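A quick note: this is a predicted structure, and the numbers were derived from the prediction, not measured. This chain uses plain numbering: 1 for the first residue, then up along the sequence.
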Amino acid sequence: MMVKTPATPLSKIEKTPSSTPGGPRSHEEKLFVTVRVRPLSQKEQEMNDQISWDCTDEHTISLKNLHPGRPTPSYCFDKVFGPTCLTWKVYEEGAKDVALSVLSGINATIFAYGQTSSGKTFTMRGITELSVKDIYEHIKNTPERDFVLKFSAMEIYNETVVDLLNRELGPLRLLDDHEKGTIVEKLVEEVAKDGEHLRHLIDICEAQRQVGETFLNDTSSRSHQIIRLTVESSFHENLRCVKSFIASLNLVDLAGSERASQTNVDGTRLKEGCHINRSLLTLTTVIRKLSGGKRNGHIPYRDSKLTRILQPSLGGNARTAIICTMSPALSHVEQSRNTLSFATSAKEVTSCAQVNMVSDKQLLKHLQKEVTRLEAELRSPESSSSSCLKSLLRERDLKIQEMELEMEELKRQRDHAQTQLELERIMHREKKGSQSGSSRQVVKCLSFSDENTSVSSASGLANIIQNKVGSCTLVLQSGSSTVPSVLVHEIRKLEQRQKQLGEEASRALEVLQKEVAYHRLGNQDTAKTIAKLLSEIKDMQAVSSTIEDIEVRDRPNLKEEITRLNSQGSDIAFLEKKLENVQKSIDKLVLSLADNEESPESETPESKAKLRKKKVLPFTLSNSTNRSNMSCPPCSPLSSSRKVMEYGQENMVLPEYNDFVCGGDVLIQPIKTNTPQSEDSNGIPSNKGTPGSCQSKSLNMKKMQKMFKNAAEENIRNIRTYVTELKERVAKLQYQKQLLVCQVLELEANEAAVSETVAPDQSPMSWHFVFEDQRKQIIMLWHLCHVSIVHRTQFYLLFRGDPADQIYMEVELRRLTWLEQYLAELGNASPALLGDEPASSISSSIRALKQEREYLAKRVSTRLTADEREMLYIKWEVPPDGKQRRRLQLVNKLWTDPLNMQHVQESADIVAKLVGFCETDEHITKEMFELNFVPFSDKRTWNGWNLISNLFHL
Ligand SMILES: Nc1ncnc2c1ncn2[C@@H]1O[C@H](COP(=O)(O)OP(=O)(O)OP(=O)(O)O)[C@@H](O)[C@H]1O
């Protein structure tokens with residue numbers, strides 16, 4: 001079956017093999033990388049800053065030739081947008097294609113990267129707005145598909161993930177889901193009703209975002225923001241849901257990638273800077289590693305929350321567009337070059353997007369969820385469907401009450417007529433007694449509805465009846481005698497009334513009889529469904545017990561166990577299929593029960609509408625909170641129950657239902673409405689089989705309805721409980737299987753890691769990359785953990801990338817990682833839990849570092865010449881503020897910018913000079929770093945080391 005392509009032209013998407021019908025196929029493509037240069041800002045203009053970049057053509061950007069004679073670096077990208085370029089163009093040419101992939105079931109991510117104030121937020125706002133507009137436009141133009149849009153948004157601030165729709169939730173955890181990858185626990189997902197609602201949600205998130213003022217940007221975004229639009233779409237053919245897609249579009253506005261020292265940061269801002277840059281450092285590392293080919297060893301996605309969340313977008317199952325923003329100003333040249341270098345790496349990264357079709361299994365899960373939700377709704381007293389059922393029952397009760405009242409009225413009128421007739425008879429007898437001898441006789445009034453004996457035939461009577469009504473004397477004379485017309489008229493009226501009463505009573509009775517027959521049919525249907533359910537459950541029991549048998553067997557080893565469990569997959573799938581059938585049957589049962597309760601007479605247009613709505617519910621794909629139009633059509637149960645209803649309404653044959661027994665009681669006796677009425681000894685018509693008996697039948701009817709309902713509900717309850725138990729068993733088996741798979745994977749991973757450490761199979765080139773990477777991480781961790789700068793210097797200068805350094809690097813990295821986590825935990829723990837001791841570890845480290853700097857500052861005058869000092873003061877921009885302060889200021893600037901390798905190198909050189917360390921010093925050996933951080937203790941040779949040992953006694 002062909003999937004219709006979207007109406008809006010999605011040129012590239014339609015061409016990709018991934019969007020071709022017939023199943024998900026992956027499509028490899030490079031990340032789409034563009035660069036946007038903003039105009040000079042007001043501040044930059046005021047400071048007479050120069051424009052230092054040329055957008056040579058729409059793919060190339062080059063640094064202006066400031067030093068004639070030297071070569072000018074230039075960079076090529078998928079697109080380069082100059083300062084005059086408007087956002088809609090950036091969207092059209094740099095993001096639209098990727099963004100709209102989400103409509104074809106392909107994950108997409110667009111993110112903006114660049115230093116603070118380079119225009120990331122400015123650009124992403126426009127891109128988000130235009131994407132939303134196009135997505136809704138597409139939905140409007142594609143009526144053959146049903147769409148549901150879900151919105152969520154999060155912020156990563158200081159390595160903490162927060163929900164931007166509900167900050168109250170506090171920090172959110174990241175969980176690993178074997179199907180979906182990393183998921184953010186408890187992240188609120190809101191269904192967007194329309195474009196306006198979506199924009200409102202985006203505004204809420206904007207307002208919630210952490211913004212702090214930095215030197216470069218008055219409204220600097222200090223956090224990474226991810227807006228996620230999840231699009232579910234399904235395509236229907238002949239009222240059947242044929243294909244469903246699900247994909248997410250991530251719109252990511254990263255925090256500034258600037259160097260901490262450049263943003264005039266301290267305190268809180270500095271801490272932010274470290275975290276922001278740590279995330280970005282990991283992002284850079286990930287991109288760099290991916291750009292070198294995926295086989296280039298381990299990709300450290302897990303090193304930061306940002307990269308964990310964006311993992312699928314970084315070389316995974318997503319199409320990705322990166323917009324790198326930059327300032328044109330000369331003062332930001334270094335940062336802009338960093339940005340361009342990041343963009344250059346990103347260009348080489350390949351992703352492998354595929355169409356995400358909702359598999360039958362997922363659909364089944366979804367439907368099961370839906371069933372559970374509906375069941376919960378049914379159980380809850382306030383649920384909509386149960387209140388709907390209740391109102392139907394109320395309607396039914398009212399109808400019955402009305403009918404009972406009507407019967408009462410009919411009975412009353414009949415009694416009244418009989419009394420009148422009786423009265424006339426008595427008067428007639430009196431008259432007869434007083435006029436003995438005359439050939440007069442009382443006209444006998446006839447029973448209800450008996451034409452042969454009706455009073456109408458009395459018109460030809462020859463008898464004279466005299467009666468006195470009020471002031472009139474009514475006389476009926478036989479033969480030629482005259483009959484007063486007023487009396488005849490009265491009698492006819494009575495006759496007519498009698499007849500009407502009889503007819504109305506018959507009609508009322510017929511209605512009740514139809515209802516009874518209708519219930520009987522409904523019951524047959526219910527019984528059939530229950531029988532079918534029981535047989536299905538038997539099947540399931542058989543499969544389930546087979547699986548359980550296998551479960552208790554001995555397990556030779558994990559791998560065999562996995563193979564065995566995999567072979568059980570089909571059994572589990574069979575069980576799941578069966579479960580689905582049972583669920584459907586239950587729903588059918590519930591529906592047919594509801595149908596059966598619906599009397600044909602009480603089927604008002606409103607109740608019909610309710611009924612229709614109810615029938616569709618179990619087959620709706622989305623939950624009730626989704627104002628979804630994505631529903632599968634009503635299926636088979638409806639047609640059968642509808643047939644029953646039609647039969648009940650039109651073709652009902654009044655039953656031979658003497659045999660209709662419920663709980664051993666014969667509930668209804670056969671009633672023959674056209675049987676001639678019998679008379680009692682006084683000639684008064686008998687009540688048996690007359691409308692008078694309808695009241696008691698109506699009561700029986702109510703009783704019967706109740707019994708029906710209770711019995712059916714009890715059955716459904718039992719079946720549901722059983723199905724739930726089976727579901728739990730299946731889930732347990734699945735869980736055990738996953739657990740075992742995880743164990744095996746972990747074992748394999750450990751084995752691989754061990755073999756890698758023992759016998760590194762790395763080329764010198766790849767070791768060089770690993771070394772660089774690890775060194776950067778170590779430098780960042782030293783900074784975060786307030787490690788002694790003497791230690792940093794010694795380590796930095798000793799380990800320069802020799803392959804033999806690998807083990808030392810590994811050990812240092814592991815220890816620092818542990819240390820950082822330990823400090824972070826201390827930072828997060830409540831003071832009550834900490835007591836006095838550990839909290840002081842952090843501050844004592846900071847104190848020790850301060851003392852170390854003071855100690856080194858004292859050595860500035862002894863270890864450096866006046867010229868050397870002066871040069872350093874100029875180079876490190878230390879103003880002449882008194883001797884001691886100047887020296888300390890210089891030392892305080894050392895080792896403060898962990899991202900700037902030049903700064904790190906120069907800091908290390910100065911500290912080495914101050915402590916008299918040289919790499920060839922025979923007392924300082926690499927071995928001393930192998931097992932612990934407390935190094936060589938000979939103070940004579942290495943005066944700084946006594947401080948270091950304090951630092952690591954945490
Ligand atoms: N292309 C552009 N045209 C005109 N003005 C721009 C452009 N890009 C950015 N700006 C302006 O520059 C300023 C900084 O932009 P923006 O806040 O988007 O930077 P940012 O990179 O998100 O910064 P931060 O990382 O600190 O949040 C804003 O006043 C914005 O309006």
Side-chain angles (χ1 to χ4, degrees), residues 115-116 214-216 256-278 281 331-335 338 775-797 816 842-843 845-917 943-945 947-948 951:
Q115 78 167 119
T116 186
T214 64
F215 178 70
L216 294 175
S257 61
E258 65 282 357
R259 281 169 22 192
S261 60
Q262 214 177 327
T263 46
N264 197 20
V265 287
D266 60 352
T268 323
R269 290 281 93 85
L270 178 63
K271 190 181 168 208
E272 282 173 358
C274 292
H275 281 299
I276 290 164
N277 285 325
R278 188 171 172 202
L281 179 69
S331 57
H332 297 310
V333 158
E334 264 320 300
Q335 281 305 308
N338 283 345
R775 188 158 73 164
K776 278 186 183 162
Q777 289 184 48
I778 287 170
I779 292 168
M780 176 55 81
L781 288 166
W782 282 337
H783 181 76
L784 293 175
C785 301
H786 317 288
V787 172
S788 149
I789 57 174
V790 177
H791 170 86
R792 298 186 210 186
T793 300
Q794 188 191 28
F795 193 98
Y796 180 82
L797 293 175
L816 286 167
I842 304 169
S843 49
S845 296
I846 296 170
R847 220 175 18 255
L849 187 59
K850 198 167 160 249
Q851 283 168 4
E852 190 188 32
R853 286 187 188 279
E854 280 163 6
Y855 167 80
L856 291 172
K858 282 183 196 151
R859 298 176 74 101
V860 168
S861 7
T862 55
R863 295 281 169 158
L864 304 174
T865 65
D867 284 351
E868 280 174 333
R869 285 200 301 270
E870 210 44 50
M871 272 174 66
L872 284 176
Y873 292 150
I874 294 167
K875 188 165 186 221
W876 289 75
E877 294 172 1
V878 182
D881 275 1
K883 278 182 186 174
Q884 178 64 31
R885 272 194 64 90
R886 221 173 170 196
R887 288 200 308 259
L888 190 57
Q889 273 183 63
L890 171 68
V891 176
N892 280 346
K893 284 185 177 232
L894 304 177
W895 285 102
T896 50
D897 189 352
L899 287 172
N900 183 347
M901 285 304 130
Q902 198 184 340
H903 168 95
V904 168
Q905 177 68 48
E906 285 170 6
S907 299
D909 290 342
I910 296 170
V911 174
K913 211 157 193 182
L914 292 179
V915 293
F917 166 71
N943 291 322
W945 279 117
L947 292 164
I948 305 168
L951 288 176

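The NE2 atom of His903 sits 9.5 Å away from atom NZ of Lys893, with the distance rounded to the nearest 0.5 Å. In this structure, Leu784 CG and Gln777 CD are separated by 11.5 Å, a value rounded to the nearest 0.5 Å. Note that CZ of Arg863 and CG of Leu914 are 8.5 Å apart. Values are rounded to the nearest 0.5 Å. Glu852 CD to Arg847 CZ: the interatomic distance, rounded to the nearest 0.5 Å, is 14.5 Å. The CZ atom of Arg792 sits 9.0 Å away from atom OG of Ser907, with the distance rounded to the nearest 0.5 Å. From Ser788, atom OG reaches atom CD of Gln851 across 12.0 Å, with rounding to the nearest 0.5 Å.
Nearest heavy-atom pair, Arg853 versus Val891, reported as atom, atom and distance to 0.1 Å: NH1-O, 2.5 Å. When all heavy atoms of Val787 and Leu849 are compared, the pair lying nearest together is O-CD1, 3.6 Å. Summarising the geometry of Ala912 relative to Leu797, their closest heavy-atom pair is CB-CD1, 3.6 Å, with the distance given to 0.1 Å. Closest of all the heavy-atom pairs between Thr896 and His783 is O-CE1, 3.5 Å.
Taking Lys913 as the reference, Glu868 meet the side-chain hydrogen bond (donor to acceptor under 3.5 Å, both in side chains) condition, with sequence neighbours excluded. Residues forming a salt bridge (Lys or Arg N to Asp or Glu O under 4.0 Å) with Arg775 (at least two apart in sequence, or on another chain): Glu772. When the side chain to side chain contact (heavy atoms under 4.5 Å, CB included) test is applied to Val904, the partners found at least two apart in sequence or on another chain are Ile779, Tyr796, Trp895. By the side-chain hydrogen bond (donor to acceptor under 3.5 Å, both in side chains) test, Thr862 is found to be paired with no residue, residues two or more places apart in sequence or in another chain being considered. Partners of Glu870 by side-chain hydrogen bond (donor to acceptor under 3.5 Å, both in side chains), not counting sequence neighbours: none found.
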request  = For Leu899 and Met780, run side chain to side chain contact (heavy atoms under 4.5 Å, CB included): C-alpha distance rounded to whole Å, both residues' side-chain angles, the deciding distance at 0.1 Å, then the answer.
outcome  = CA-CA 7 Å; Leu899 287 172; Met780 176 55 81; 4.1 Å; yes
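Judged by distance alone, the side chain of Arg887 and the main-chain N or O of Lys858 form no donor-acceptor pair under 3.5 Å.
The closest side-chain donor-acceptor pair between Tyr873 and Arg869, if any, does not fall under 3.5 angstrom.
Evaluation of the salt bridge (charged side-chain N to carboxylate O under 4.0 Å, His left out) test over residues 902-911, restricted to residues two or more places apart or in two chains, returns Lys875-Glu906.
Counting heavy atoms of neighbouring residues, nucleotides and ligands inside a 6.0 Å radius, atom CE of Met871 does not exceed 12 of them.
With respect to Leu894, the side-chain contact (heavy atoms from CB on, under 4.5 Å) criterion is satisfied by exactly one of Val911, Thr793, Leu856: Val911.
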